[in-house]
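Input: a single structure, listed below in structure tokens.
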Amino acid sequence: VQLQASGGGLVQAGGSLRLSCAASARTFGSSVMGWFRQAPGKEREFVSAISWNGGSTHYADSVKGRFTISKDNAKNTVYLQMNSLKPEDTAVYYCAQGWGYLTDGWSPDYWGQGTLVTVSS
């Protein structure tokens, strides 16, 4: 399984970015996809996840109402639209793939490389 994340960059507070993650696995259409992030000096934390058919989503409280996760099974790609970005959103963002329930404790089976998001104040 290969997960290739892209879309990170530098943005001012209040701005927007859209992350993308392209997956190579044929199981993409039947799996949960999600995003985690790791800020400097902190542990990696859950951000968001989406069910296999896109019908269910789950967000960490810290991003609820600002971030939107979506999934295009035809393109084997998951997206994270990030609006109203804050300096505390600065982190390396990782996409992930797996199965199970959509909760903050979701534990993926596969991880992609990270993409850095920096939000300036």
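Quick caveat: nothing in here was measured; it's all calculated off a predicted structure.
The backbone N or O of Phe28 lies less than 3.5 Å from a partner atom in the side chain of Lys71, making a donor-acceptor pair. A donor-acceptor pair under 3.5 Å is absent between the side-chain atoms of Asp89 and the main chain of Asn83, judged by distance alone.
With respect to Tyr79, the side chain to side chain contact (heavy atoms under 4.5 Å, CB included) criterion is satisfied by exactly one of Ile50, Leu19, Asp72: Asp72. With Tyr59 as the partner, the side chain to side chain contact (heavy atoms under 4.5 Å, CB included) test is satisfied by one option alone out of Asp104, Ile69, Val47: Ile69.
Surrounding CH2 of Trp52 are at most 12 heavy atoms belonging to other residues, nucleotides or ligands under 6.0 Å away. Other residues, nucleotides and ligands contribute at most 12 non-hydrogen atoms within 6.0 Å of the CD atom of Gln2.
Pro40 and Thr90 get closest at one heavy-atom pair: CD-O, 4.2 Å. Looking at every heavy atom in both residues, Ala13 comes nearest to Pro87 through CB-CD, 4.1 Å. A pairwise comparison of heavy atoms in Ala49 and Val32 identifies CB-CG1, 4.2 Å as the closest pair. Between Pro108 and Phe36 the shortest heavy-atom distance is CG-CE1, 3.5 Å. Scanning both residues, Trp106 and Ala96, for their nearest heavy atoms gives CH2-O, 3.8 Å. For Ser20 against Thr77, the heavy-atom pair with the smallest separation is CB-CG2, 4.3 Å.
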Practice problem: Quick one: do Arg37 and Glu45 satisfy side chain to side chain contact (heavy atoms under 4.5 Å, CB included)? Show the steps, please. | Solution: CA-CA 5 Å; Arg37 67 185 181 186; Glu45 63 176 2; 2.6 Å; yes
Quiz item: When you look at Gln97 and Thr27, which way does the side-chain hydrogen bond (donor to acceptor under 3.5 Å, both in side chains) test go after all the steps?
Solution: CA-CA 9 Å; Gln97 180 179 2; Thr27 55; 3.2 Å; yes
Self-check item: Audit row: Trp35, Cys95, side chain to side chain contact (heavy atoms under 4.5 Å, CB included) steps and yes/no
Solution: CA-CA 4 Å; Trp35 293 91; Cys95 66; 3.8 Å; yes
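The side-chain hydrogen bond (donor to acceptor under 3.5 Å, both in side chains) check on Lys64 picks up Asp61, with sequence neighbours excluded.
Under the 4.5 Å side-chain heavy-atom criterion for ILVMFWY residues, a single connected hydrophobic cluster contains both Val63 and Leu17. Phe46 and Tyr110 sit in two unconnected hydrophobic clusters of ILVMFWY residues. Membership requires side-chain heavy atoms under 4.5 Å apart, directly or through other members. Both Leu3 and Trp99 sit in one connected hydrophobic cluster of ILVMFWY residues. Membership requires side-chain heavy atoms under 4.5 Å apart, directly or through other members. Hydrophobic clustering, with ILVMFWY side chains joined whenever heavy atoms are under 4.5 angstrom apart, keeps Val117 apart from Tyr94. Both Val119 and Tyr93 belong to a single network of hydrophobic side chains, linked directly or stepwise wherever heavy atoms of I, L, V, M, F, W or Y lie under 4.5 Å apart.
From Phe67, atom CZ reaches atom OG of Ser62 across 7.5 Å, with rounding to the nearest 0.5 Å. Separation of atoms CE (Met33) and CG (Asn76) is listed at 8.5 Å; rounding is to 0.5 Å. Separation of atoms OG (Ser121) and CD (Gln12) is listed at 9.5 Å; rounding is to 0.5 Å. Atom-to-atom distance recorded for Glu43:CD and Gln38:CD is 8.0 Å, nearest 0.5 angstrom.
Side-chain contact between Thr115 and Ser6 is absent, with no heavy atoms from C-beta onward closer than 4.5 Å. In this structure, the side chains of Gln4 and Gln113 come closer than 4.5 Å at one or more pairs of heavy atoms. Taking the side chain as every heavy atom from C-beta outward, Asp109 and Val1 never approach each other to under 4.5 Å.
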